[in-house]
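For reference, the structure is listed below as structure tokens.
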Amino acid sequence: MKTYKVYAINDGTVIDHIPATKALKVIDILGLENEGILTIGIGFTSQKLGRKDIIKIENKYLEKEETDKISLIAPQATINIIKNGKLKEKRKIELPDEYVGIVKCSNPNCITSVEKVKTRFKVINRAPLMLRCHYCERVISYDEVEIL
Amino acid sequence: MSLKGMSIISIRDMEKEHLEEVIRVAGEVKRGKHKNFLKGKVISTLFFEPSTRTRLSFESAAKQMGAEVIGFAGSDYTSVKKGESLGDTIKTVSGYCDLIVMRHHLEGSARYASEVASVPVINAGDGANQHPTQTFLDLFTIREYFQDFSSLKVAFLGDLKYGRTVHSLAYALSLYKTTIWLISPDLLRMPQFLVEELRANGSSVREIDNLEQIQETFDILYVTRIQRERFGDPQEYMKVAGSYRITRGVIESLGKNIKIMHPLPRVDEIDFDVDTMDNAIYFKQAHNGIPVRQAILGLVLGTI
Ligand SMILES: [Zn+2]
């Protein structure tokens, strides 16, 4: 067992292999600001990513539908669910069918760019990634994706 | 497959069965089978962006079948002037009527309106995105001449990049696996993701630069206007616009059965001499807006 510089948690969720410096964005997307104790590690050395961030969320078990929301910024993240100090589940991120309130529409003439309307994008193709705005119906590709 | 209570926002929401239902009922309405079926209904026409042609078509359609029509056109609605959000306007107006017809310059505005409204919403144009009743009237007009859409061959000519009419109609036809030619200058090609969508639905799609490249006969030539503003160089515009102009001679070279459609208004992309030819069906197409919109109103309100 490798010793982390961030202390171990007994119960909760560990999100590992987040691209370096994206940890705060992940917290933002998952809406974890007011969800109890978070431990955040930024810029650890990683064999897989060079540098990586880690987030530990105490006493909260994140469901797959929730963690899949970070697929656009942390596609290689791994999710570890810890119960009673033991690793209960380890899983990868997968693309969800839809992103709600995460991606910005690149169309300045889209209703979501002008009024306070939560954005919604359907995944219409996985590789290469293509998303369609539920409102203006514009299709955006991975290079055009901008996270809100 | 019932349209009752459904908002009509985008052709992408439609199944083939929905299209067939509207075409069938519009035919009944046109033949005079249904009378006064909108009596007692109040329909709002909210034209945040003015479009006299479309608004008159909806209002005339509704009134002929007995509906009361309320609404506004342009920015004369004081709450909008005062900066009221679209959501608030729609929620308020929902309480005054049985159905909302709206046009707005923002793309996705009608979809959003349908999510906050307590009555069905019909999209009469949301920016460059969708104008589904135009597509329904195009399909209805085609059906007056051709029963089987799957063996149909349709060529779209002109501005295929920005023309929402073409995007929606081509999409609708692709549900029938219609053969589609896309004829445009390089600058105005249909966006690739739309072409892929047509192919994924089962249409055979070919993209070419000019009409002469089609070696076989086809059934419909759907013409759209090429706008001067799309070109940086005015000479380039003149050259392109000239080569896409439809004259008597062009039509004669395409064979006597070819039908010419156009969403109107036209500027000079179709010669006026063409209007008297049997091949020209664009004015019929425009007049079909009435029975088709009546059918949609009746189906959505559940009174047909
Ligand atoms: Zn959009």
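In the text below, chain A, chain B and the rest are named by the order of the sequence lines, each starting its count at 1.
- Within 6.0 Å of CG on B:Leu187 lie more than 12 heavy atoms contributed by other residues, nucleotides or ligands.
- Listed by chain and residue number, B:Arg293 satisfy the side-chain hydrogen bond (donor to acceptor under 3.5 Å, both in side chains) test with B:Thr133 (two or more places apart in sequence, or in another chain).
- B:Asp159 meets the salt bridge (Lys or Arg N to Asp or Glu O under 4.0 Å) test with B:Arg230; sequence neighbours excluded.
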Hey, what donor-acceptor pairs show up under 3.5 Å between chain B and chain A?
from	atom 1	to	atom 2	distance (Å)
B:Ser10	OG	A:Glu137	OE1	3.1
B:Ser10	OG	A:Glu137	OE2	2.9
B:Arg12	NH1	A:Glu137	OE1	2.4
B:Leu86	N	A:Glu115	OE1	3.2
B:Leu86	N	A:Glu115	OE2	2.6
B:His105	O	A:Asn109	ND2	3.2
B:Glu107	N	A:Asn109	O	2.8
B:Glu107	O	A:Ile111	N	2.8
B:Glu107	OE1	A:Asn107	ND2	2.6
B:Glu107	OE2	A:Asn109	ND2	3.0
B:Arg111	NE	A:His134	O	3.4
B:Glu115	OE1	A:Tyr135	OH	2.5
B:Glu115	OE2	A:His134	NE2	2.6
B:Gln130	NE2	A:Glu137	OE1	3.4
B:Glu197	OE2	A:Arg132	NH2	2.7

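- Proximity to chain B is limited to the side chain of A:Val114, based on heavy atoms less than 4.5 angstrom apart.
- The salt bridge (Lys or Arg N to Asp or Glu O under 4.0 Å) test applied to B:Arg206 returns B:Glu216, not counting sequence neighbours.
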